[in-house]
Chemist: 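Here's a structure for you.
Sequence lines set the chain letters: A, B, ... in the order given, protein chains first and strands last, and positions in each chain run from 1. Everything numeric in this text was worked out from a predicted model, so none of it was measured.
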Number of protein chains: 4
Amino acid sequence: MSPLNRQQLDQIRDERREQIKQAALKVFARRGYTGTKTSMIAAEASISEGLIYRYFNSKKELFITIIQEMMEESKRELEHIEHLPGTPFEQIRNLTLNMLDENNKFAFMLIQRSRKADDVPEKVAQIFEQHSTNVLIDLLIPIFIKGQNSGEFPLGEPRKLLTWYFSIINSLIIQDQVDEEYGLPDVDVLMRILKK
Amino acid sequence: MSPLNRQQLDQIRDERREQIKQAALKVFARRGYTGTKTSMIAAEASISEGLIYRYFNSKKELFITIIQEMMEESKRELEHIEHLPGTPFEQIRNLTLNMLDENNKFAFMLIQRSRKADDVPEKVAQIFEQHSTNVLIDLLIPIFIKGQNSGEFPLGEPRKLLTWYFSIINSLIIQDQVDEEYGLPDVDVLMRILKK
Amino acid sequence: MSPLNRQQLDQIRDERREQIKQAALKVFARRGYTGTKTSMIAAEASISEGLIYRYFNSKKELFITIIQEMMEESKRELEHIEHLPGTPFEQIRNLTLNMLDENNKFAFMLIQRSRKADDVPEKVAQIFEQHSTNVLIDLLIPIFIKGQNSGEFPLGEPRKLLTWYFSIINSLIIQDQVDEEYGLPDVDVLMRILKK
Amino acid sequence: MSPLNRQQLDQIRDERREQIKQAALKVFARRGYTGTKTSMIAAEASISEGLIYRYFNSKKELFITIIQEMMEESKRELEHIEHLPGTPFEQIRNLTLNMLDENNKFAFMLIQRSRKADDVPEKVAQIFEQHSTNVLIDLLIPIFIKGQNSGEFPLGEPRKLLTWYFSIINSLIIQDQVDEEYGLPDVDVLMRILKK
DNA sequence: TATGAATGAGAGTTCATTCAT
DNA sequence: AATGAATGAACTCTCATTCAT
């Protein structure tokens, strides 16, 4: 009977906003920015098309928001990398496993796909320029060198090998290149790339 | 100023048609099906927007035509694979080099991208079902086994390893994952995947 | 905390209704019918958007109600005109002063503005046809003639002069043509129009 | 048979653009910015709704363009005022006649209406701030003073009287306060305001 | 009674496609 | 055969109105 109080309303708003972002992430990841119609997002979120606009000013803003928040999230996660347990080989192996994890699938797909797409809003291109993939590589170089010294990794330019390795991982993620029969390549097969 | 004869007109038509397909291929590859406006194709081909429709009934037909012709071309090429010179290792190495070749870039990008995209015409999905990647794999299995016997390749399920290997190659192509500094991964680094 | 009784509830309803009408009058007067969003009315009245609909069936009905009530009010006032004190000149002068009075501003603005606007509900156009401005003119003609006889007003067609005079007054009101430095024209300057 | 040449195309574009502006002017003047639907403009111009957008980026831009061009036009006209023939009284009389002229009706209606409306794009408000009505008044003050000296105009503050006079003229125009029977007030009746 | 989240019809805008030249 | 202006269906977005609380 009595109207909802502020706290309850705030919670509803937060939940709805999150729900829309999740739905949009899923559709954007699969169909790209232009290929996604707002009606698809609404359907995926099981809400009306108009409601999207009570939470985001435009399809563009919704897209940018999602990318931005994911980039920030990934930045925070990267900061923990150096303190992960295990040998250098195990550290990179775990990182790989995490990236290929089904749960992160859409997020990585969207980011990688958008990084290369030519049909995204200008703003998104700028965000990607700031958060270059190199940050990850830079963090891993000391770990890789430790692994070289301990004999776990082959000699050769650490930056070059790591760059190549992660362009492969990224490509796999973005393309959702899951073979129906065999699934994604085994992490241990992938890590052969980092072996002699 | 005598009017062009039949044969000359046909030639002009053929050239125009080719010109439009090349332009469309380039734009579709970079921006995807929905992300590509017919005006972009016209601009890329340096012709007027309307002219496209004297050569193709629709954007959809143009897209399907391109995909179809590329699939047929790739099918023809595949038939030669068995007779390529060299050891099994060299054969697959050359095949890889060819796929990653800059000249084929747009074609492979478009095919791989479209294979996974959810925003392409229904017909294209059907084409891909028929020309499954498996055809390539099937052709390579005997070669791979020969390589296993000769010790060039590791033991293990040939189909599985080849499937994984080519999902990686395909992913790299489609994403145009060329690092600015280091370029595409070296073929020899990639082929580590097919080593013990 | 005994529940409010019937009478108290009725009073609250009446007050709310009045509050909404006042707020709507203000916004409609400034922004016109189409230019006014129900959310603006709610904000001006410091109530929720939904509440408007417990007092009025629609924005249209609210608008029509306001216009209608104002027309009736003005009709009642007109009936007193003939019995106002003073000479004919003074009577019209006082009437003018009353019309230009700041307190009636929004009401007159809304009426005049709506009378000419093409974007109001059909019903409103009908109301205006019934309550033509001529009623006012008709009532004033005898007074004007008396003034002509006493030499206060110039010769000439009374209806024509009065019509012109009040189209000017009306225009000034509706446009809120208040110069920032000098304000509305002096009543005595305006009344020059009714002089030789 | 042969395609139109550049010059012909440019002419078509110019004509079309002008046609859309004229149609929009008419509808905007009568129904205001918010009250005007793009479909109405298209209908008035007898073109499709989409075509508007090949000539203007948005309804907003179309509106701003119209206002801007009219302000510039009026600015140019004002520069000639001082050199008009006749006595000061005749000069202002002619200026008044010109403003009330049926041909300029929509232009003046739109400008005056938009000057006071609260539902126009921000940019338009800025334009009006720059082109204040005062420019006209400032130009007329010397003329008015000459008229005072020659006895054509009454004593009193020139700026105040002129301001009031033109707020009346402006109001009449904007409101299209044409009485069906008597039409707009006679210029000579209006000019009584500028008499003793 | 009062709130504001949610809906959906309709407005503004885009772009594949058609058509006069 | 070629052009680009014009169309209209489909899309993005707005806002009067409804409804759960």
Chemist: Using only side-chain N and O atoms of B/K37, determine if any of them is under 4.0 Å from OP1 or OP2 of E/dC15.
Modeler: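 Yes, B/K37 has a side-chain N/O under 4.0 Å of OP1/OP2 on E/dC15.
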Chemist: With sugar-phosphate meaning primed atoms plus P, OP1 and OP2, does D/T34 contact a base, only sugar-phosphate, or nothing at under 4.0 Å between heavy atoms?
Modeler: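 Answer is nothing: D/T34 stays at 4.0 Å or more from every strand.
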Chemist: Side chains of B/E72 and B/Q68: donor-acceptor distance under 3.5 Å anywhere?
Modeler: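 B/E72 vs B/Q68: no donor-acceptor pair found between side chains.
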Chemist: Less than 4.0 angstrom between a side-chain N/O of B/T38 and OP1 or OP2 of E/dA16, yes or no?
Modeler: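 Yes, B/T38 has a side-chain N/O under 4.0 Å of OP1/OP2 on E/dA16.
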Chemist: Could you identify which residues of residues 12-23 of chain D place a heavy atom less than 4.0 Å from some atom of DNA chain E, listed by residue number, or say none?
Modeler: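 Of all residues in residues 12-23 of chain D, none places a heavy atom under 4.0 Å from DNA chain E.
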Chemist: If you draw the axis of the six-membered ring of D/F28, does the NZ or CZ of D/K21 fall within 45° of it and under 6.0 Å from the ring centre?
Modeler: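 No cation-pi geometry.
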Chemist: What is the pairing partner of F/dA1, taking Watson-Crick or G-U wobble pairs with both distances under 3.5 Å in any strand?
Modeler: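 The answer is none; no pair meets the criterion.
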Chemist: Roughly how many Å is it from CE in B/M40 to C1' in E/dA16, rounded to a whole number?
Modeler: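 Atom CE in B/M40 sits about 13 Å away from atom C1' in E/dA16.
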Chemist: Kindly state which residues belonging to residues 54-63 of chain C come within less than 4.0 angstrom of DNA chain E, counting heavy atoms of the residue only, listed by number.
Modeler: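 Of all residues in residues 54-63 of chain C, the ones placing a heavy atom under 4.0 Å from DNA chain E are C/R54, C/Y55.
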Chemist: Could you identify the nucleotide paired to E/dG12, looking across every strand shown and requiring Watson-Crick or G-U wobble geometry with both distances under 3.5 Å?
Modeler: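 Its partner is F/dC11.
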Chemist: So do D/Q19 and D/Q22 actually touch side chain to side chain, heavy atoms under 4.5 Å?
Modeler: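 Sidechains of D/Q19 and D/Q22: no contact.
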Chemist: Please report the distance, rounded to the nearest Å, between CG in A/N5 and C1' in E/dG4.
Modeler: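 Spelled out: CG on A/N5 to C1' on E/dG4 is 13 Å.
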Chemist: Flag this pair as yes if the NZ/CZ of B/R16 is under 6.0 angstrom from the six-membered ring centre of B/Y55 and inside a 45 degree cone about the axis; otherwise no.
Modeler: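 No, cation not above the ring by the 6.0 Å, 45° rule.
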Chemist: Per the side-chain hydrogen bond (donor to acceptor under 3.5 Å, both in side chains) rule, which among D/R6, D/R13, D/Q7 passes with D/D10?
Modeler: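 Result for side-chain hydrogen bond (donor to acceptor under 3.5 Å, both in side chains) with D/D10: D/R6.
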Chemist: Taking it one step at a time, do B/E44 and B/R30 satisfy side chain to side chain contact (heavy atoms under 4.5 Å, CB included)?
Modeler: CA-CA 12 Å; B/E44 178 73 36; B/R30 277 202 286 248; 4.3 Å; yes
Chemist: In whole Å, I'd like the distance from the CG atom of B/D10 to the C1' atom of F/dA1.
Modeler: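 Taking atom C1' of F/dA1 as the reference, CG of B/D10 is at 13 Å.
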Chemist: Side-chain N or O of D/Y53 less than 4.0 angstrom from OP1 or OP2 on E/dT14?
Modeler: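 Result: no.
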Chemist: May I ask you to check if A/K59 and A/Y33 form a cation-pi contact, with NZ or CZ under 6.0 angstrom from the six-membered ring centre and within 45° of the axis?
Modeler: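 Judged by the rule (NZ or CZ under 6.0 Å from the ring centre, within 45° of its axis), A/K59 counts as positioned above A/Y33.
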Chemist: Give the residues of residues 44-52 of chain B touching DNA chain E, defined as any heavy atom closer than 4.0 Å, sorted by residue number.
Modeler: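 Here the set is B/E49, B/G50.
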Chemist: Does the side chain of C/V120 come within less than 4.5 Å of C/T34's, by heavy atoms?
Modeler: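 No, side chains not in contact.
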Chemist: Go through the side-chain N and O atoms of D/Q11 and D/E15 and say whether any donor and acceptor fall under 3.5 Å apart.
Modeler: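 Note: D/Q11 and D/E15 side chains meet the donor-acceptor criterion.
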Chemist: Can you confirm whether A/T38 sits close enough to A/Y53 that some side-chain heavy atom of one is under 4.5 Å from a side-chain heavy atom of the other?
Modeler: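 Sidechains of A/Y53 and A/T38: in contact.
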Chemist: Evaluate the side-chain proximity of C/L25 to C/M70: yes if any heavy-atom separation is below 4.5 Å, no if none is.
Modeler: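 Of all side-chain heavy-atom pairs linking C/L25 with C/M70, at least one is under 4.5 Å.
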